[in-house]
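Take a look at the structure below.
Being a predicted model, the structure only gives us computed values, none of them experimental.
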Amino acid sequence: YTWAVTDGALPDGLALDADTGAISGTPTASGTSDFTVEVTDADSATASKALAITVTGEPPVLDPIDDQIGYPNQLVQVAVGVTPGTTPIADLDFAGSADNADLVAGITFENDGTAVVAVISLVADATGTSGITITASDAGTSDAVSFNLAVAAPEAPELALATNPDGTLDLTVTGSPGAEFLVEGSDNFVDWVVIETLIIGEDGTATYTVDPPAGGRQFVRLVSPGAQ
């Protein structure tokens with residue numbers, strides 16, 4: 001007898017012995033593979049059968065995530081710690097869900113194959129708390145982790161200016177850690193362009209150095225995203 005796969009494919013890492021019909025090897029990824037095996041005898045008579053093999057490997061494991069704080073109309077970036085199972089990190093599918101759609105506009109993921117970041121978009125002018133669930137899965141296994149995201153209005157920022165010996169100005173913003181503000185510049189106080197994005201650090205401050213143009217005609221202002 002001679003054996004052959006005539007349609008579909010075996011799971012990666014497995015092979016069919018043409019002489020014995022035995023399927024052997026070590027699968028390298030989870031999932032279900034559909035295929036057809038045909039056997040031919042010495043008289044060229046054939047018989048075939050459709051088969052399927054499901055490979056269930058080691059599941060990915062997600063690390064716990066601490067509760068997070070965000071601010072309306074801004075992005076919350078959350079590092080997702082994952083220990084891969086059979087499937088490499090780059091090939092895992094990540095999904096996110098929120099139980100409060102009034103706060104969360106969407107969840108996307110950045111995955112470079114070694115590190116994963118969940119990017120949570122928050123709705124403008126909405127505050128409250130939402131449960132967030134993140135799932136990592138391949139074709140046959142999955143793991144999930146949940147945490148709470150509290151969305152609050154940021155504290156009104158306080159500004160301080162300091163002049164440096166070289167004529168530049170240090171604009172220091174004090175406010176809620178993680179809050180995001182845009183530094184905008186203008187030469188006529190009418191047309192404004194974004195020149196820097198400031199994110200308040202864990203110490204409650206962020207600093208931008210302003211380099212005024214000749215004659216000091218540049219105006220600078222601080223605004224919240226979406227408020228320009």
Side-chain angles (χ1 to χ4, degrees), residues 63-82 94 96 98 100-132 134 145 147-228:
D63 295 341
I65 296 177
D66 293 335
D67 291 344
Q68 304 289 310
I69 297 175
Y71 304 100
N73 202 42
Q74 296 188 3
L75 300 177
V76 177
Q77 297 190 350
V78 181
V80 181
V82 54
F94 288 86
N100 190 342
D102 292 334
L103 293 178
V104 178
I107 303 174
T108 60
F109 293 87
E110 299 173 355
N111 181 356
D112 66 3
T114 58
V116 179
V117 176
V119 182
I120 305 172
S121 302
L122 300 181
V123 174
D125 303 323
T127 59
T129 301
S130 177
I132 304 292
I134 292 173
V145 63
F147 58 94
N148 289 321
L149 171 61
V151 181
E155 301 174 10
E158 297 182 1
L159 304 180
L161 285 175
T163 302
N164 298 314
D166 61 1
T168 60
L169 300 175
D170 281 345
L171 171 65
T172 299
V173 185
T174 302
S176 300
E180 181 178 311
F181 297 95
L182 303 178
V183 179
E184 296 185 338
S186 173
D187 288 332
N188 55 21
F189 215 72
V190 175
D191 302 313
W192 296 89
V193 296
V194 177
I195 55 179
E196 184 70 20
T197 298
L198 288 182
I199 298 177
I200 305 298
E202 293 184 0
D203 65 351
T205 66
T207 299
Y208 173 70
T209 300
V210 182
D211 187 5
R217 292 188 298 272
Q218 186 182 62
F219 301 97
V220 175
R221 70 179 184 182
L222 190 74
V223 300
S224 295
Q228 303 98 300

Under 3.5 Å, sequence neighbours excluded: what are the donor-acceptor pairs made by side chains of residues 109-121?
from	atom 1	to	atom 2	distance (Å)
Asn111	OD1	Gly113	N	2.8
Asn111	ND2	Ile89	O	3.0
Asp112	OD1	Thr114	N	2.9
Asp112	OD1	Thr114	OG1	3.0
Asp112	OD1	Ala115	N	2.7

(request) Kindly indicate whether the side chain of Leu161, heavy atoms from C-beta on, has any atom under 4.5 Å from the side chain of Leu159. (result) no
(request) Kindly give the heavy-atom pair with the smallest separation between Ile195 and Tyr208, and that separation in Å. (result) CD1-OH, 3.7 Å
(message) Can you tell me if Leu75 has over 12 outside heavy atoms packed within less than 6.0 Å of its CG?
(response) yes
(request) For Val123, check side chain to side chain contact (heavy atoms under 4.5 Å, CB included) against everything at least two apart and list the hits. (result) Ala105, Ala126
(message) Using the side chain to side chain contact (heavy atoms under 4.5 Å, CB included) criterion, which residues pair with Asp63? Sequence neighbours excluded.
(response) none
(message) Any non-hydrogen side-chain atom of Pro72 less than 4.5 Å from a side-chain atom of Val151?
(response) yes
(message) Please enumerate all residues that pass side chain to side chain contact (heavy atoms under 4.5 Å, CB included) together with Glu158, with sequence neighbours excluded.
(response) Thr174
(request) Can you sort out the partners of Thr108 under side-chain hydrogen bond (donor to acceptor under 3.5 Å, both in side chains), two or more places apart, ordered by chain and number? (result) none
(message) Under the side chain to side chain contact (heavy atoms under 4.5 Å, CB included) test against Asp67, which residue among Asn148, Ile132, Thr129 passes?
(response) Asn148
(message) My understanding is that only residues two or more places apart in sequence, or in another chain, count here; which of them pass side-chain hydrogen bond (donor to acceptor under 3.5 Å, both in side chains) with Thr172?
(response) Thr207
(message) Tell me the closest heavy-atom pair linking Ser176 and Glu155, and the distance in Å.
(response) OG-N, 2.9 Å
(request) Can you see which heavy atom on Gly178 is nearest to which on Gln74, and at what distance? (result) O-OE1, 3.8 Å
(request) Mind checking the CG-OG1 spacing from Asn164 to Thr209? Nearest 0.5 Å is all I need. (result) 6.0 Å
(message) Checking Asp191 now: which residues fulfil side-chain hydrogen bond (donor to acceptor under 3.5 Å, both in side chains) with it, not counting sequence neighbours?
(response) Asn188
(request) Could you tell me whether the side chain of Val78 reaches within less than 4.5 Å of the side chain of Leu149, counting heavy atoms only? (result) no
(message) Let me confirm one number: the OG-CH2 distance from Ser186 to Trp192, rounded to the nearest 0.5 Å.
(response) 5.0 Å
(message) Can you list everything that forms a ring-ring contact (aromatic ring centres under 6.0 Å, His included) with Tyr71? Sequence neighbours excluded, please.
(response) none
(message) Can you list everything that forms a side chain to side chain contact (heavy atoms under 4.5 Å, CB included) with Asp102? Sequence neighbours excluded, please.
(response) Asn100
(request) State, yes or no, whether a side-chain contact exists between Val183 and Leu222 at a heavy-atom distance under 4.5 Å. (result) yes
(message) Just to verify, what does Asp66 make a side-chain hydrogen bond (donor to acceptor under 3.5 Å, both in side chains) with, not counting sequence neighbours?
(response) none
